Asks: 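Would you mind keeping the following structure in view while I ask a few things?
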Amino acid sequence: MSVRVRFAPSPTGALHIGGVRTALYNYLFARKHGGTFILRIEDTDQGRYVPGAEDYIIESLQWLGLTPDEGQGFGGGPDGPYRQSDRKPMYRQYAEQLVQRGHAYYAFDTPEALEARRNAEENFTCNFRTRLSLDNSLTQPADEVQRRLDAGLPYVIRLKVEPGRDIPVHDLIRGEVVFQSDELDDKVLLKADGMPTYHLANIVDDHLMRITHVIRGEEWLPSTAHHVLLYEGFGWQDTMPKFAHLPLILKPVGNGKLSKRDGAKFGMPVFPLSWKGETPEDSFTGFRETGFLPAAALNFLALLGWHPGGDQEMFRLDELVQAFSIEHIGKSGARFDFEKAKWFNQKYIQASGNAELARLIRPYAEAKGYRTDEAYLSQAAALMKERVTFLPDFTEQGAYLFEPVRDYDFETIQKKWNPAQQPVFESLVATIEQTDDFAAPALEERVKQFIQEQHLKPGDVLPLLRLALAGTMKGPAVFDMAALLGKTETVNRLRTAIEVFNQAVVSAG
RNA sequence: GGCCCGUUCGUCUAGGGGUUAGGACGCAGGAUUUUCAUUCCUGUAACACGGGUUCGAUUCCCGUACGGGCUACCA
């Protein structure tokens, strides 16, 4: 039987990075086994629906290259629709089927009434101990129940959990976990608005979509016993999927799981894409907008809670697929280590070809009104790729490759420049101006020859050239920069610099 | 509170009854680069604690502590 897995996020806002990892693992597992990866939207809570969230999820998966074989936004298959609200009419019959079999019941208690009980009684929950004291089809005569149903009174359908038995859950990551049915509450399956809860919808859909493996977050482990009961109630235990509950992603420091607020708090993205919410507090910067390469984000995320063994750190997507196995997923929560994420991005940028980088940084160059021709961009990328971490760094840290120098490092100028050098410097500029072969090696040779002729030291000249061209002591090799900028621009900058240098020294007094 | 899950360097992790407990990030030092960065080398640092089982436990078992999750007509 072929593997079929699903990623089933809820469109309640931006897709959290933990959700992205869940999607990744599902994707890897499906690809590894030649199976099917499905995207299903779990929008059964109408109150929490957020416009745009579904598109956000789809765009995130597209950006990362985790393309589902079927699912909302990715074309259909025989199992659609893939949005649970579009499947709404089908759930009621399943809930009622459970009622008929004695595994569920109608309940008329209002949310307010239950809330009152919870306030009055410590640890109140609806279960085998309390249900006979509540208002439901187990405590009301059959004709009264029918009367209320016919009258259209609001009700929910609850799972009837029988006490006194063990419910083993076989988890692929944690082994066998046993729950006592006495501890389980009578979960709502069908809500008063006619929508199923997650519990019902997820079982019905997984069954109908012939899901073989449920790979989801650890927060679902406690309710898995209910899910097993549901499979039994429907008589689907033979095709019940296998479960794998993933460890959570924790805050970089402190206690608890990573939350959306941590992004702003620690100055790092915790979402794949930027999200514009109703308020600034509900708006977030994404990995994409920070300047991550999708492959780097994926590599980083994959290793947060999983490792195939051995010493390899860098995994392309196809290598992740090849190496992936559920058995190697860790059991304990993993802290979100942004420093490591940065390192991965840096490595992926370094490993990218110049043409590819040119394509990636073109949008940033365009936004700043810089020149965007392929040749220039790819050469600039070549000069900068060893010294950047994020995509925007190319045009920010390397702004001087695209526009006149804005900020000069006055401190170093004052240390290196002496107005008495001006005549020599001017003759250097003249020499450079007369150099025909402006390729970096030839230029370097010519300038070093000049240095020798003038009985200077490289240290007297090179830093000044760098300052004149870039304004800063950081950056690519001077002659590479000069070659890229071209003779005209280089000479212009050198001439401008003489004045800037003099002024810097004068103002330093 | 109850139920469930977890615990190897600061972090991500490998490993597994007898190992100098390995790698990576970070950090520190050095080499190269007359800048910065890259690269390379070196160093730093861990089996939560207490009981068992065993000739021998970091590894298996039980407790404790700590951490985490769940406990909605949310997912």
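So that the names make sense, note that chain A is the first sequence line, chain B the second, and so on, each numbered from 1. Remember, predicted model here, so these are calculated numbers, not experimental data.
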Asks: Determine the interatomic distance between C1' on B:U35 and the same-named atom on B:G26; round to the nearest Å.
Replies: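 Comparing C1' positions in B:U35 and B:G26 gives a spacing of 25 Å.
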
Asks: Within the structure shown, what part of the strands sits under 4.0 Å from A:G217 by heavy-atom distance: base, sugar-phosphate, or nothing?
Replies: nothing

Asks: For the residue pair A:T130 and A:R117, confirm or rule out a side-chain donor-acceptor distance under 3.5 Å.
Replies: no

Asks: Can you tell me the Watson-Crick or wobble partner of B:C27, both distances under 3.5 angstrom?
Replies: B:G43

Asks: Under 3.5 Å between N/O atoms: give me all the protein pairs with nucleotides 37-40 of chain B, atom names plus distance.
Replies:
{"from": "B:A37", "atom 1": "O2'", "to": "A:E386", "atom 2": "O", "distance (Å)": "2.3"}
{"from": "B:U38", "atom 1": "O4'", "to": "A:E386", "atom 2": "O", "distance (Å)": "3.4"}
{"from": "B:U38", "atom 1": "O2'", "to": "A:E386", "atom 2": "OE1", "distance (Å)": "2.7"}
{"from": "B:U39", "atom 1": "OP1", "to": "A:K347", "atom 2": "NZ", "distance (Å)": "2.9"}

Asks: Provide the distance between the two P atoms, one in B:C66 and one in B:G50, to the nearest whole Å.
Replies: 16 Å

Asks: Using Watson-Crick or G-U wobble geometry with both distances below 3.5 Å, tell me the partner of B:C70, or none.
Replies: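 Across all strands, the one nucleotide that pairs with B:C70 is B:G2.
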
Asks: Any strand counts, and the cut-off is 3.5 Å on both contacts for Watson-Crick or G-U wobble. Which nucleotide pairs with B:U33?
Replies: none

Asks: Should we say atom CD of A:E115 is surrounded by more than 12 heavy atoms from elsewhere, each under 6.0 Å from it?
Replies: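 For A:E115, atom CD is crowded (more than 12 foreign heavy atoms under 6.0 Å).
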
Asks: Under a 3.5 Å cutoff, is there a donor and acceptor pairing between the side chains of A:H213 and A:N26?
Replies: no

Asks: Excluding sequence neighbours, so at least two apart, what forms salt bridge (Lys or Arg N to Asp or Glu O under 4.0 Å) with A:K257?
Replies: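 In terms of salt bridge (Lys or Arg N to Asp or Glu O under 4.0 Å), with neighbours along the sequence ignored, A:K257 is linked to no residue.
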
Asks: Assuming nearest nucleotide by heavy-atom distance, tell me which of A:L248 and A:F344 is located more 5' along RNA chain B.
Replies: A:F344

Asks: Would you mind pulling out the nucleotide paired to B:A65, Watson-Crick or G-U wobble, both distances under 3.5 Å?
Replies: B:U7

Asks: Output a table of nitrogen or oxygen pairs between the protein and nucleotides 12-16 of chain B separated by less than 3.5 Å.
Replies:
{"from": "B:C12", "atom 1": "OP1", "to": "A:R335", "atom 2": "N", "distance (Å)": "2.8"}
{"from": "B:C12", "atom 1": "O2'", "to": "A:L303", "atom 2": "O", "distance (Å)": "2.8"}
{"from": "B:U13", "atom 1": "OP1", "to": "A:G305", "atom 2": "N", "distance (Å)": "2.5"}

Asks: Rounding to the closest angstrom, what is the interatomic distance between B:C25 and B:G18 at atom P?
Replies: 29 Å

Asks: Taking B:U59 as the reference, what is the distance to B:G67 when you measure between their P atoms (whole Å, please)?
Replies: 22 Å

Asks: In terms of side-chain heavy atoms, does A:H328 have a donor or acceptor partner in A:S325 at a distance below 3.5 Å?
Replies: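 Yes, a side-chain donor-acceptor pair sits under 3.5 Å.
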
Asks: Contact class for A:R174 vs. all strands (heavy atom < 4.0 Å): base, sugar-phosphate, or nothing?
Replies: sugar-phosphate

Asks: Determine whether the side chains of A:Q449 and A:E453 contain a donor N or O and an acceptor N or O closer than 3.5 Å.
Replies: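 Yes, a side-chain donor-acceptor pair sits under 3.5 Å.
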
Asks: Can any side-chain N or O of A:D135 pair as donor or acceptor with the backbone N or O of A:F108 at less than 3.5 Å?
Replies: no

Asks: Under 4.0 Å, counting only non-hydrogen atoms across every strand here, what does A:A470 touch: a base, just sugar-phosphate, or nothing?
Replies: nothing

Asks: Generate the contact string for nucleotides 70-75 of chain B. Rules: B means base contact, S means sugar-phosphate contact only, - means no protein heavy atom under 4.0 Å.
Replies: S--BBB

Asks: Looking at B:A21, which nucleotide sits across from it as a Watson-Crick or G-U wobble partner, both distances under 3.5 angstrom, or is there none?
Replies: none

Asks: Atom CG of residue position A:D407 - does it have more than 12 heavy atoms of other residues, nucleotides or ligands inside 6.0 Å?
Replies: no

Asks: What's the closest nucleotide to the A:E218 side chain, out of B:G2, B:C5, B:G26?
Replies: B:C5

Asks: Under 3.5 Å, is there a donor-acceptor pair between the A:S137 and A:R148 side chains?
Replies: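 Not at all, the side chains of A:S137 and A:R148 share no donor-acceptor pair under 3.5 Å.
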
Asks: Taking the C1' atom of each, how far is B:A48 from B:C9, in whole Å?
Replies: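 Straight-line distance between the two C1' atoms is 14 Å.
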
Asks: Can you tell me how far C1' in B:A45 sits from the matching atom in B:G23, rounded to whole Å?
Replies: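 Here B:A45 and B:G23 have their C1' atoms 14 Å from each other.
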
Asks: Between B:U58 and B:C49, how many Å separate the two C1' atoms, rounded to a whole number?
Replies: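 Result for the C1' pair: 13 Å, nearest Å.
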
Asks: So, using salt bridge (Lys or Arg N to Asp or Glu O under 4.0 Å) as the criterion, who are the partners of A:E489 when residues are at least two apart?
Replies: A:R493

Asks: With under 30° as parallel and over 60° as perpendicular, where do the rings of A:H227 and A:W220 fit, or are they tilted in between?
Replies: tilted

Asks: Taking atom C1' in both B:U19 and B:C61, what distance in whole Å separates the two?
Replies: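 It comes out at 24 Å once rounded to the nearest Å.
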
Asks: Under the salt bridge (Lys or Arg N to Asp or Glu O under 4.0 Å) rule, collect the residues that match up with A:E319, sequence neighbours excluded.
Replies: A:R316

